[in-house]
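These numbers were taken from a predicted model, which means no experiment stands behind them. We name chains A, B, ... by the order of the sequence lines, and we start the count at 1 in each one.
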2 protein chains.
Amino acid sequence: MVRTVFEKPDAIALVAEVFRELGYEGASMSKITARTKLSKGSLYHFFPGGKEQMAAEIMAHIDAWFVTEMFEPLEGEKPRAAIARMWETTDSYFRSGRRVCLIGAFALDETRDRFSAAIRGYFHRWIEALAGALLKAGLSGTKARALAEEAVIGIQGALTLARALGDETIFGRSLARLKQRLETALD
Amino acid sequence: MVRTVFEKPDAIALVAEVFRELGYEGASMSKITARTKLSKGSLYHFFPGGKEQMAAEIMAHIDAWFVTEMFEPLEGEKPRAAIARMWETTDSYFRSGRRVCLIGAFALDETRDRFSAAIRGYFHRWIEALAGALLKAGLSGTKARALAEEAVIGIQGALTLARALGDETIFGRSLARLKQRLETALD
DNA sequence: TTTTTAATAGACCGATCAGTTTAGGAGGTC
DNA sequence: GACCTCCTAAACTGATCGGTCTATTAAAAA
């Protein structure tokens with residue numbers, strides 16, 4: 001019998017993409033097994049708490065990635081460099097608009113109520129970290145916060161529109177515009 | 001036997017709210033009957049094509065409403081008045097950020113693939129109508145289009161963030177900012 | 001009053017749902 | 001080789017899924 005052995009981090013990454021594409025409710029266990037090639041037994045072995053545990057761990061994993069790759073740099077001692085890098089990280093992570101934000105998608109239906117703290121925490125920290133970097137880079141508190149909020153809103157909106165219209169260039173244009181907006185404000 | 005009689009438009013409106021709150025996949029027929037008080041028999045009487053027909057008719061209904069209340073005025077002879085009214089209409093329709101955009105939510109998972117033309121059509125027309133109004137109000141074609149796209153992206157992003165953070169004021173702030181942005185560009 | 005029409009109720013159907021369970025496979029340790 | 005551990009496979013379970021269908025109700029039409 002030929003079989004592939006997965007480790008849990010592999011499982012997390014694979015299942016994450018299924019949730020991202022199908023949403024929480026649309027991602028039945030059958031669809032998850034079919035798309036990941038992990039069996040039901042394996043999935044429950046790694047995630048004894050079931051589907052909800054999968055989603056929670058995936059979100060924690062995504063959050064941790066953002067903390068390392070984006071939030072902590074923004075909270076660090078080189079705000080301008082971190083802000084510049086944020087755009088690259090954002091473009092890369094969302095595959096230039098071809099990949100939706102799983103946490104944002106979970107926010108839109110009642111899935112939000114299962115994971116409200118995680119969802120809120122992720123977006124709150126993103127805005128706070130960016131606002132903090134803008135503040136350190138020289139903007140007033142009010143201006144920093146408004147721009148941070150505008151940037152994260154623009155990113156989420158661009159992901160939705162890019163997907164709705166089947167046009168990835170929308171995401172690229174929006175990132176460039178938002179980046180320019182922040183740079184102009186910092187000059 | 002006491003029973004309530006609904007007409008189809010009532011059914012459309014009620015079912016729409018279930019889809020809006022639960023998404024397409026999360027809105028099982030049982031949940032729809034429980035939340036609308038329409039029986040399964042009634043639902044299939046009005047929508048013999050089943051769940052997919054419901055969603056399609058709901059989307060068509062929403063689109064028709066936007067055409068009447070927003071897109072056609074934007075396409076009409078008083079662009080500035082129509083743009084000003086668009087903000088009020090948007091705030092009102094989305095209940096100041098308390099109500100998600102059903103069509104936007106459907107765009108984020110594979111529900112999009114069932115209704116791609118309707119989803120694309122709705123956002124495309126919104127952007128085109130707004131860009132046309134901005135053009136007629138005096139902006140260059142390039143500027144008009146970029147601002148229209150920015151506005152619709154900002155609205156969708158603000159809806160997502162307001163819901164994710166459980167903070168409706170985000171939506172109000174974003175509308176005010178976008179409105180100001182367009183007015184500044186028109187001066 | 002009787003008939004027709006539109007809407008409602010809810011039992012029923014086969015398929016699928018999330019989760020449970022048992023058996024087995026493969027590598028590592030002793 | 002025997003035992004242990006981790007992972008995999010897939011049958012099974014009761015509940016729920018979307019859809020079908022029959023009977024009923026109430027209002028409108030004849």
May I have the distance from [X] (atom [atom1]) to [N] (atom [atom2]), rounded to whole angstrom?
| X | N | atom1 | atom2 | result |
| --- | --- | --- | --- | --- |
| A:Leu43 | C:dT20 | CG | P | 13 Å |
| A:His45 | C:dT20 | NE2 | P | 15 Å |
| A:Asp10 | D:dC6 | CG | P | 17 Å |
| A:Glu7 | D:dT5 | CD | C1' | 14 Å |
| A:Phe47 | D:dC7 | CZ | P | 11 Å |
| B:Phe6 | C:dT8 | CZ | C1' | 10 Å |
| A:Phe19 | C:dA18 | CZ | P | 9 Å |
| A:Leu22 | C:dC17 | CG | P | 11 Å |

A:Ser92 and A:Thr89 side chains, donor-acceptor separation under 3.5 Å:
no
Against the six-membered ring of A:Tyr93, is A:Arg99 placed for a cation-pi contact (under 6.0 Å from the centre, within 45° of the normal)?
yes
Verdict with reasoning, A:Tyr24 to A:Phe115, per ring-ring contact (aromatic ring centres under 6.0 Å, His included)
CA-CA 11 Å; A:Tyr24 185 78; A:Phe115 308 111; 5.7 Å; yes
Could you check whether B:Lys136 pairs with B:Glu77 (Lys NZ or Arg NE/NH1/NH2 to Asp/Glu carboxylate O, under 4.0 Å)?
no
Pair A:Arg35 + B:Glu110: basic N to acidic O under 4.0 Å:
yes
Other cluster members, A:Val100 - Ile/Leu/Val/Met/Phe/Trp/Tyr, side-chain contacts below 4.5 Å:
A:Leu108, B:Val100, B:Leu108
Please state whether the phosphate of C:dT8, meaning OP1 or OP2, lies under 4.0 angstrom from any side-chain nitrogen or oxygen of B:Ser39.
no
Nucleotide N/O of nucleotides 17-21 of chain D paired with protein N/O under 3.5 Å:
{"residue": "D:dC17", "atom": "OP1", "partner": "B:Ser28", "partner atom": "OG", "Å": "2.9"}
{"residue": "D:dC17", "atom": "OP2", "partner": "B:Ser30", "partner atom": "OG", "Å": "2.7"}
{"residue": "D:dG18", "atom": "OP1", "partner": "B:Lys51", "partner atom": "NZ", "Å": "3.1"}
{"residue": "D:dG18", "atom": "OP2", "partner": "B:Met29", "partner atom": "N", "Å": "2.5"}
{"residue": "D:dG19", "atom": "OP2", "partner": "B:Tyr44", "partner atom": "OH", "Å": "2.9"}
{"residue": "D:dG19", "atom": "OP2", "partner": "B:Lys51", "partner atom": "N", "Å": "3.0"}
{"residue": "D:dG19", "atom": "O5'", "partner": "B:Tyr44", "partner atom": "OH", "Å": "3.4"}
{"residue": "D:dG19", "atom": "N7", "partner": "B:Lys40", "partner atom": "NZ", "Å": "3.2"}
{"residue": "D:dG19", "atom": "O6", "partner": "B:Lys40", "partner atom": "NZ", "Å": "2.4"}

